[in-house]
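To start, the structure itself, in structure tokens.
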Amino acid sequence: MAATSVVVLDRGNNTTCTINLHGATVVSWRVNNQEQLFVSKQAKFDGKEPIRGGIPFVFPQFGPWPFGPQHGFARITRWNLEKAPERLQSGDVEAIFSLMDSDFSRSSWNYQFRLTYRLILREKELHFNIAVYNPSKELTFSFNMLLHTYFKVPDVRRCQITGLQGCTFVDKTRDGSIYQEARDVVTINEWTDRIYQNTSQEHIITNVVSGRKMRIQKYNFPDTVVWNPWLDRAKDMSDFGDDEYPNMVCVESGHVSSPVILLPENQKEAFFDKNTCEPELIDALKDIPKNYANQIIDLVKQQHVEQNLNHLKKSENLIDFSSFNEEANEITPSFMESSATPNQKLRRRSTFSMSPSQSLYYSLTSDNKLGVLQKKNGYCGCHRELFPPKNDSLKKEWAASVIGAHVKRFLTRRLLKTEKVQALVATVKGVLVCAVELHCSLCLSHCIF
Ligand SMILES: O=P(O)(O)OC[C@H]1O[C@@H](O)[C@H](O)[C@@H](O)[C@@H]1O
């Protein structure tokens, strides 16, 4: 039966990671042939029950739930192998799994979603990167997520866990009462079931017997669940041996105390005003979630407005150029004489500055006697009749500035098409996509040292 088919990442040197497609459950992680994960001898691999051990994937619910199975449906659903194991240049091995909504998922949680689960097997590290997408156009959803890692230990009573000091925790063994952890290292000597909140980004599990250490590093997983059923509860579980509890400790990284809320716009598709944005920007933004794309577009729009305002301000000065008084070396706007107050004239004169290239972004319309500058289909042009040159040298100067500006624009367009600039654009785009992905994904790594 395909329900328990597995995918193996093999890094060489007896370093492997095995993922069962049932729940995308990591069922083995061996480093130099040493198993790091606990899987019960009683675990069921029937493609129905969750696998007792390894790293079950808890989504979209942590704990019991009126609508569906405990800890959600992801750990009991068959996942897709999105990308078969592939060796990276570093020698590490990567595979990607995915899960989408189905009739089964919608029967308990009626939302469209898409999960990608990327695993990278490094020399002594197992790295996870998870992304959740909400492809809906109108529905927001919220969820919990947790990687329910069962670490294999020689004796749980001799283990120490750091990174919990000062954190509040919900103690499920004491009716969900809330306490604060005072210890700098937490040890386990009884049934333990705690949800620690806002924990450190790093935990170290020291196995006192062997001195071996496991480092957990997490990003966007604010909570840490510490669980061991101990003897009595072990006896109640059909898929867990009575004597197995000393050999495991669950230190589970998750987002469970508060829900993660995913807005419908968080889809990887962007819709925006094509008139406001450059085609290159539109292209770059297609790869990032709509809400981020919209924020970037808003910024660009704002910049456009500011730039236009600046140009309009400059345009007032440009108009002044129309009646340049050579002798006085100052400007007297002939067609504004009647409407402008002396103060306005003074202000315009005193702020005069003119750059031909700026002037060419706009075209002055001759019917607009107040000289409001208008952008013409993004193309620049000047109405020569509004700039009657007084003499030959001024004519030449003006012609030179017009030609100079056109040449600049021509060269800029050519420059933008060069391979180097295109490569820069691609890099900027890549960085943008990477930054956004980092922002909306969850990362976890387990590393032995
Ligand atoms: O038996 P399950 O559904 O795999 O859950 C195991 C344990 O998982 C832990 O994460 C929970 O905090 C415990 O309350 C729960 O008992």
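Note that the coordinates shown come from a computational prediction; the quantities given were computed from them, not determined experimentally. We use all heavy atoms of the structure for the numbers below, so side chains are in, but hydrogens, waters and symmetry mates are not. Just so you know, ligand 1 is whichever comes first in the structure, and atom 1 is the first atom listed for that ligand.
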If you count the atoms of ligand 1 from 1 in the order shown, which ones are under 4.0 Å from a heavy atom of [X]?
| X | answer |
| --- | --- |
| E252 | 9 (C), 10 (O) |
| F62 | 10 (O), 12 (O) |
| V225 | 10 (O), 12 (O) |

Inset, instruction - Look up atom OG1 in T77 and atom CE in M100, then write down how far apart they are to the nearest 0.5 Å. - result: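 Here the rounded value is 13.5 Å.
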For [atom], what's the nearest protein heavy atom and its distance?
| atom | answer |
| --- | --- |
| atom 16 (O) of ligand 1 | W227 NE1, 3.6 Å |
| atom 1 (O) of ligand 1 | R52 NH2, 3.0 Å |
| atom 9 (C) of ligand 1 | H148 NE2, 3.4 Å |
| atom 14 (O) of ligand 1 | D193 OD2, 2.5 Å |

Counting only pairs under 3.5 Å, give me each side-chain donor-acceptor contact of residues 240-248, with atom names and distances, residues two or more places apart or in other chains.
| from | atom 1 | to | atom 2 | distance (Å) |
| --- | --- | --- | --- | --- |
| E244 | OE1 | S40 | OG | 2.6 |
| E244 | OE1 | G241 | N | 2.6 |
| E244 | OE2 | K41 | N | 2.8 |
| N247 | ND2 | V153 | O | 3.4 |
| N247 | ND2 | P154 | O | 3.1 |

Inset, instruction - Would you check if the distance from the ring center of F59 to the ring center of F113 is below 6.0 Å? - result: yes
Legend entry - Option set K172, Q70, R233, R75, criterion heavy-atom distance to atom 4 (O) of ligand 1, minimum: R75
Legend entry - side chain to side chain contact (heavy atoms under 4.5 Å, CB included) involving S445 - partner list, sequence neighbours excluded: E125, H127, Q217
Inset, instruction - State, with a plain yes or no, whether a side-chain heavy atom of V132 is found less than 4.5 Å away from one of F141. - result: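 Sidechains of F141 and V132: in contact.
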Legend entry - Closest heavy-atom pair and its distance - K44, I51: O-CG1, 3.9 Å
